[in-house]
S.K.: 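Below you'll find the structure I mean.
Just so it is clear: chains get the letters A, B, ... in the order the sequence lines come, proteins before strands, and each one is counted from 1. The model shown is predicted, which means the values in this text are computed figures rather than measured ones. Both backbone and side-chain heavy atoms feed into the values below; hydrogens, waters and symmetry mates do not.
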Amino acid sequence: MILPNQSRIVIQGITGRYGEHYTKRMIDYGTPVVAGVTPTRGGEWFENRPIFDTVRQAVESTDANVSLVAVPAPFASDALLETIDAGIKTIVCLTEHIPVHDMLKVVHVAKQHEVTLLGPNTSGLLIPNKILLGMILAEAGSVGNIGVVAKSGTLLCDVGLMLTRVRLGQTALISIGSDPICGVSLRDVLELFESDPATERVVLLGEIGGQEEMVAADFIREEMTKPVIGMIAGHGLPQNKRFGHASAISQTGTTAEEKIDYLLNAGVRIAQYMEQIPQLLINQD
Amino acid sequence: VLLTTLQAKSLLERYGFTVEPCSDPIAHFLFQLEIDRVTQQTQLNVTLWLEPNPHDSWSTSEIIHPLLGLQRYQLNGVASELGFPNASWESFTVFGQRVYQSFSQVHAQTMRLSVGVLSDTTLVIYDASIQVDEDVARSEIELTTVDNGIYYVPLDGQVACVGNGAGLVLNMMDTLRAMSDRVFRPFCFLEIDDHRLLDGIEFALEQLLNEDDCKVIVMNFFCTLYGCDEVAERVLHFAHVHPLNKLVCLRLEGIYFDEAFAILSNSKDKNLKITRAVRDVMLLVVNELEKGV
């Protein structure tokens, strides 16, 4: 799901503090990390994986076909364009605080080159017992038939772990990212879950701000056959304030209440808060 | 970040524009550039009003290519659509391209300029509204909404809601709302950047313990970078140095929870509680606040 069948992953920013931390966890999980990239560090090794100066060198030497970008924001749009230029078709970008105008350009180029870009500001994705890509807690996932998609990474982890504890396993946990301009959308992930035979139902975790959930709701109403449980975080908030995420701005037309109404009309069952989700899923059984 | 008129004015001056009163215009137009998050495109909207009857207006719009920017032919198209006199096209296209250049250089999300057209085709900006990408504003324009990895929004309730993810904090606020039947409300939204979690916790506690209107502090951390045990130790250390004068409820989840629970179980501080479920922590909070009522 999202990833190619034989994923070979290169980590951009592998020698950074967080790059190192999360790479070790991904390798421990069994994720096929084949290389790292840090300019000026080519020729070194990390956890028995070669480090290259450029993505193109990493692709040529290791056949890497997926990139995880964990470089600081000032260098991230350049790193993303480098990855696209090197011919990689699947990118997961963890970096937060990339300027919106830079992302407009990157997303445009990614679309032109038919690249799947998850993020930026995503926690990544977890396909239980197969692949962990990003910052999601490995224990949050267990094998099952529920597809979980979220904007917020921590909320995704929290919900995943809660479902795992009550033996409600998942096909995938996917965080699309909480920035105003992202590559893969909530709707895109719903489309993946709808076409994935192993996914029987879906949990959608949205929040205030933006129109993503409305677009997703239209897809659910018109094309989805699988049941969806939804939650929108941020009820009753004052208007025109930003709550953390760059895209979580409470504005008329994007409040939790408005989104919930829209999702309800699309046939989505709504949890008022996170801990109601397992019960709604169990009641479905 | 929506800039005030003065900030917008000074920003535009950096790009060679002046914002000033405009007398005796023959026409006005609103020149608006905006990033549409759904289509992920920048759009130019221009609305024209003619004096002396400003109730009649005409509008047109153009989609701007993210790599190529606003082109001269597009501005000519706008001028043509809106029926600008031929003599004014040159000043309009030069103006439009300069505005777009400043729009992208300041990383604005929206820019709305009210422009007067004088009889000699001079264009005068008399009002400006600019919304800037906060990630850029923080570093370039020095607007301080985020300090030291802490994002803070003051609210009007009793319960400080603190967490290491916006979604987590929003969900806490929703749970409080549901558990207390909307009687108790958040005192604030406070998100601590995961990368600065331990120092951020101390900073947040120090501030919130001194807020009289904040009756209870709830901290909700999903630990993947730092362990729950490190968070517990830091909170305990803080409480040792600064006695807790109100209830601090800690909801922890993630790596090393059992160790954290063991660490906090040894604490004899009655104002420090730990739970693993958000619902449980909010029930504790509601019970505490109901005692006060």
S.K.: Quick check against the 3.5 Å criterion: does A:R25 have a side-chain atom that pairs as donor or acceptor with the backbone of A:I136?
M.R.: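 Flag set: sc A:R25 to bb A:I136 pair under 3.5 Å.
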S.K.: What part of A:H235 gets within 4.5 angstrom of chain B, counting heavy atoms only: side chain, backbone, both, or neither?
M.R.: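 Looking at A:H235, backbone and side chain both touch chain B.
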S.K.: Could you tell me which portion of A:L161 (side chain, backbone, both or neither) has an atom closer than 4.5 angstrom to a non-hydrogen atom of chain B?
M.R.: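 For A:L161, the contact with chain B is made by the side chain alone.
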S.K.: Which atoms of B:E253 are under 4.5 Å from chain A, going by heavy atoms: the side chain, the backbone, both sets, or neither?
M.R.: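 Just the side chain, heavy atoms under 4.5 Å.
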S.K.: By a 4.5 Å heavy-atom criterion (distance strictly below it), what part of A:M214 contacts chain B: side chain, backbone, both, or neither?
M.R.: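 Neither part.
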S.K.: Could you look at B:M179 and say if it's the side chain, the backbone, both or neither that has a heavy atom under 4.5 Å from chain A?
M.R.: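 Just the side chain, heavy atoms under 4.5 Å.
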S.K.: Tell me which of these, A:L156, A:L137, A:D102, has more heavy-atom pairs under 4.5 Å with chain B than the rest.
M.R.: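 Highest number of pairs under 4.5 Å: A:L137.
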S.K.: Between the side chains of A:K151 and A:E213, is the shortest nitrogen-to-carboxylate-oxygen separation below 4.0 Å, so that they form an ion pair?
M.R.: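 Between A:K151 and A:E213 there is a salt bridge, with a charged N closer than 4.0 Å to a carboxylate O.
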S.K.: When only pairs under 4.5 Å are counted, which of A:A233, A:S185, A:A73 shares the most heavy-atom pairs with chain B?
M.R.: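 If we count pairs closer than 4.5 Å to chain B, A:A233 comes out on top.
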S.K.: Measure distances from B:L225 to the heavy atoms of chain A and classify the residue's part below 4.5 Å as side chain, backbone, both or neither.
M.R.: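 Contact with chain A is through both the backbone and side chain of B:L225.
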S.K.: Looking just at side-chain N and O atoms, do A:D218 and A:Y262 make a donor-acceptor pair shorter than 3.5 Å?
M.R.: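 There is such a pair between these side chains.
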S.K.: Measuring heavy-atom distances to chain B, does A:M274 have an atom under 4.5 Å in its side chain, in its backbone, in both, or in neither?
M.R.: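 Its backbone and side chain both get close to chain B.
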S.K.: Quick one: of A:E212, A:R165, A:Q272, who has the most non-hydrogen atom pairs under 4.5 Å with chain B?
M.R.: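 Heavy-atom pairs under 4.5 Å are most numerous for A:R165.
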S.K.: Can you label the angle between the A:Y18 ring and the B:H195 ring as parallel, tilted or perpendicular, going by 30° and 60°?
M.R.: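 A:Y18 and B:H195: parallel rings.
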S.K.: With distance as the sole criterion, is a donor-acceptor pair present between the side chains of A:T122 and A:S175 under 3.5 Å?
M.R.: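 Note: A:T122 and A:S175 side chains meet the donor-acceptor criterion.
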S.K.: What residues of residues 276-283 of chain B make heavy-atom contacts with chain A at a cutoff under 4.5 angstrom?
M.R.: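 Those residues of residues 276-283 of chain B which have a heavy atom under 4.5 Å from chain A are B:R276, B:A277, B:V278, B:R279.
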S.K.: Do you know which of B:Y151, B:Y152, B:F189 makes ring pair (Phe, Tyr, Trp, His ring centres under 6.0 Å) with A:F243?
M.R.: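 That would be B:F189; it is the only one of B:Y151, B:Y152, B:F189 passing the ring pair (Phe, Tyr, Trp, His ring centres under 6.0 Å) with A:F243.
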S.K.: Is it true that B:R177 and B:D174 have a side-chain N and a carboxylate O under 4.0 angstrom from each other?
M.R.: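 No, no charged N to carboxylate O under 4.0 Å.
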S.K.: Is it true that B:E230 and B:R234 make a salt bridge, defined as a side-chain N closer than 4.0 Å to a carboxylate O?
M.R.: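 No salt bridge links B:E230 with B:R234.
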S.K.: Could you tell me if A:T164 and A:Q170 have a donor-acceptor pair between their side chains, going purely by distance under 3.5 Å?
M.R.: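 Judged by distance alone, the side chains do pair up.
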S.K.: Take atom CD in A:Q112; do more than 12 heavy atoms of anything else shown fall under 6.0 Å from it?
M.R.: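 Yes, enclosed.
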S.K.: Would you say A:V100 and B:Q109 make side-chain contact, with heavy atoms under 4.5 Å?
M.R.: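 Side chain of A:V100 against side chain of B:Q109, heavy atoms only: contact under 4.5 Å found.
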S.K.: Could you look at B:I35 and say if it's the side chain, the backbone, both or neither that has a heavy atom under 4.5 Å from chain A?
M.R.: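 For B:I35, the side chain is the part near chain A, not the backbone.
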